[in-house]
Amino acid sequence: MHNLIFLNDLTAPELAPYVKFNEAQLFHALEPHPGLFIAESPKVIERALRAGYRPASLLVEEKVLARDLAELDREMAANQTTGLGQTPIYVAKREVLQHLAGYNLLRGALAAMHRIKRPDLTTFLAALPTPQPRIAVLESVVNPANIGAIFRSAAALGIDGIIVTSDSADPFYRRASRVAMGTVFQIPWTYVDAQTWYTTGIELLHQAGFQTAAMALRHNTIKIDDPQLHQVEKLAIILGSEGPGLQETTIDHSDFTIKIPMTAGVDSLNVAAASALAFWELGQRR
């Protein structure tokens, strides 16, 4: 049986993660331990549970309670995922929940989930599958929707892991995990401190046996379907922020600069769209 707790308002202190905390406060909520994040919709919640993330609580609209819990139970049973047990499930009417920011767009289950400690870069790289691992590095990608779309493409198109610089948007931001359809819980990823990345990041990848391909336009840029890229044993594809792109030092120290061939008059794509094309081409093992 589910542990249902019916509410008439949102003043209970246990609801602070849903009502009061912004993304940064959720991240730091349980320091020195990893913090919390909010997962939206039964599909995203189920994928987080399947990946081993532990729920602190759920918040569900009374009108869709039976539907959302049935969907969660069905998905968890199909994937042999541990159930919710006695996790508190707070239930309220829509007229109560509509005071939550953005709820009118969602209208579904929310879950406050515990974060896990992410591995350091060396440990992360050592755990990647072989042969021919393909990873992505997201350098200062600050738009959560783009982060989510990149994760979804990476999970679908053969990328083995993702490194996110700490000056990027958090993959567990609500919008990012929603756009990713829960694939942020599916593909291995970790953070690297931005200052560490900008000073020694490429060197650390080289020490782990990776060659790096920076997506940038220069005189020596090669196309993403260049045969020599498929001969690389370990490849890291580096994508930059939506406006400025990659840091010059990142490009200077990379083994390749790569581009997507485009028609005249267009020199770039949105980073999420560019990532999908690059992953499709470079995620294939030949």
Side-chain angles (χ1 to χ4, degrees), residues 1-23 25-27 29-30 33-116 144-145 147-149 151-153 155-156 170-187:
M1 295 290 292
H2 295 297
N3 180 15
L4 303 179
I5 303 168
F6 290 84
L7 305 171
N8 294 317
D9 57 50
L10 300 177
T11 59
E14 295 82 3
L15 298 180
Y18 306 100
V19 178
K20 296 182 178 181
F21 291 176
N22 59 30
E23 300 284 7
Q25 289 170 320
L26 285 166
F27 188 93
L30 303 177
H33 304 291
L36 300 169
F37 64 92
I38 301 296
E40 298 181 345
S41 83
K43 174 66 71 176
V44 174
I45 295 168
E46 186 277 326
R47 288 189 172 176
L49 292 169
R50 196 192 319 171
Y53 290 88
R54 184 166 55 89
S57 66
L58 274 72
L59 179 61
V60 185
E61 182 181 329
E62 185 174 341
K63 183 177 180 180
V64 296
L65 175 65
R67 180 202 70 186
D68 284 3
L69 290 187
E71 183 177 343
L72 262 174
D73 289 339
R74 183 171 58 252
E75 290 286 344
M76 288 188 291
N79 293 286
Q80 299 182 336
T81 304
T82 302
L84 293 170
Q86 289 302 297
T87 299
I89 301 175
Y90 299 105
V91 184
K93 294 183 182 297
R94 180 183 171 189
E95 49 265 35
V96 174
L97 294 178
Q98 68 184 0
H99 296 291
L100 292 175
Y103 185 78
N104 287 331
L105 297 176
L106 172 67
R107 298 183 185 177
L110 301 169
M113 311 286 293
H114 289 276
R115 291 175 178 267
I116 61 173
I147 290 279
F151 267 76
R152 191 172 181 181
S153 294
D170 184 350
F172 283 174
Y173 281 174
R174 292 166 65 169
R175 189 178 182 196
S177 62
R178 183 173 68 244
V179 170
M181 287 298 291
T183 53
V184 291
F185 313 115
Q186 179 179 335
I187 187 167

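Quantities reported herein were computed from a predicted structural model and do not represent experimental measurements.
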Side chain to side chain contact (heavy atoms under 4.5 Å, CB included) for Arg174 and Leu110? Distances and angles first, verdict last. CA-CA 10 Å; Arg174 292 166 65 169; Leu110 301 169; 3.9 Å; yes

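- The aromatic rings of Phe37 and Phe172 are tilted relative to each other, their planes meeting at an angle between 30° and 60°.
- Here the closest heavy-atom approach between residue Val60 and residue Ala109 is recorded as CG2-CB, 4.0 Å.
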Go through it in stages, so that I can follow the logic: the residues are Asp68 and Leu58, the test is side chain to side chain contact (heavy atoms under 4.5 Å, CB included), and I'd like the CA-CA distance, side-chain angles, deciding distance and then a yes or no. CA-CA 11 Å; Asp68 284 3; Leu58 274 72; over 6 Å; no

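- Between atom CE of residue Met181 and atom CZ of residue Arg152 there is a gap of 5.5 Å, rounded to the nearest 0.5 Å.
- Panel note: side chain Tyr18, backbone Ala112; a donor-acceptor pair is recorded below 3.5 Å.
- Inter-residue side-chain proximity for Leu72 and Pro42 is flagged as met; some heavy-atom pair is nearer than 4.5 Å.
- Within the 3.5 Å criterion, the main-chain N or O of Phe185 finds no donor-acceptor partner in the side chain of Arg47.
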Can you give me every donor-acceptor pair (side chain of residues 3-10, partner residue at least two apart or in another chain, under 3.5 Å) with its distance?
residue	atom	partner	partner atom	Å
Asn3	ND2	Gln86	O	3.1
Asp9	OD1	Thr11	N	3.1
Asp9	OD1	Thr11	OG1	2.7

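- What you find for Gly182 and Val44 is that their closest heavy atoms are N-CG2, 4.0 Å.
- Smallest separation of non-hydrogen atoms from Leu49 and Pro55: CD2-CD, 3.6 Å.
- For the pair Glu62 and Lys93, the salt-bridge criterion is met [side-chain N within less than 4.0 Å of a carboxylate O].
- Taking CG of Asn22 as the start and CZ of Phe27 as the end, the distance is 12.5 Å to the nearest 0.5 Å.
- Note: Arg50 CZ to Gln186 CD = 7.5 Å, rounded to the nearest 0.5 Å.
- Annotation for Ala56 and Leu36: closest pair CB-CD2, 4.4 Å, computed over non-hydrogen atoms.
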For Tyr173 and Ile147: C-alpha separation, side-chain torsions, deciding distance, then whether side chain to side chain contact (heavy atoms under 4.5 Å, CB included) applies. CA-CA 9 Å; Tyr173 281 174; Ile147 290 279; over 6 Å; no

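- Expressed to the nearest 0.5 Å, how far OG of Ser177 lies from CD1 of Ile38 amounts to 9.5 Å.
- How far CG of Leu97 is from NZ of Lys63: 12.5 Å, rounded to the nearest 0.5 Å.
- The CD atom of Glu23 lies 7.0 Å from the CG atom of Asp170; values are rounded to the nearest 0.5 Å.
- Residues passing the ring pair (Phe, Tyr, Trp, His ring centres under 6.0 Å) test with Tyr90: none are found, sequence neighbours excluded.
- Annotation for Ser57 and Thr87: closest pair CA-CG2, 3.7 Å, computed over non-hydrogen atoms.
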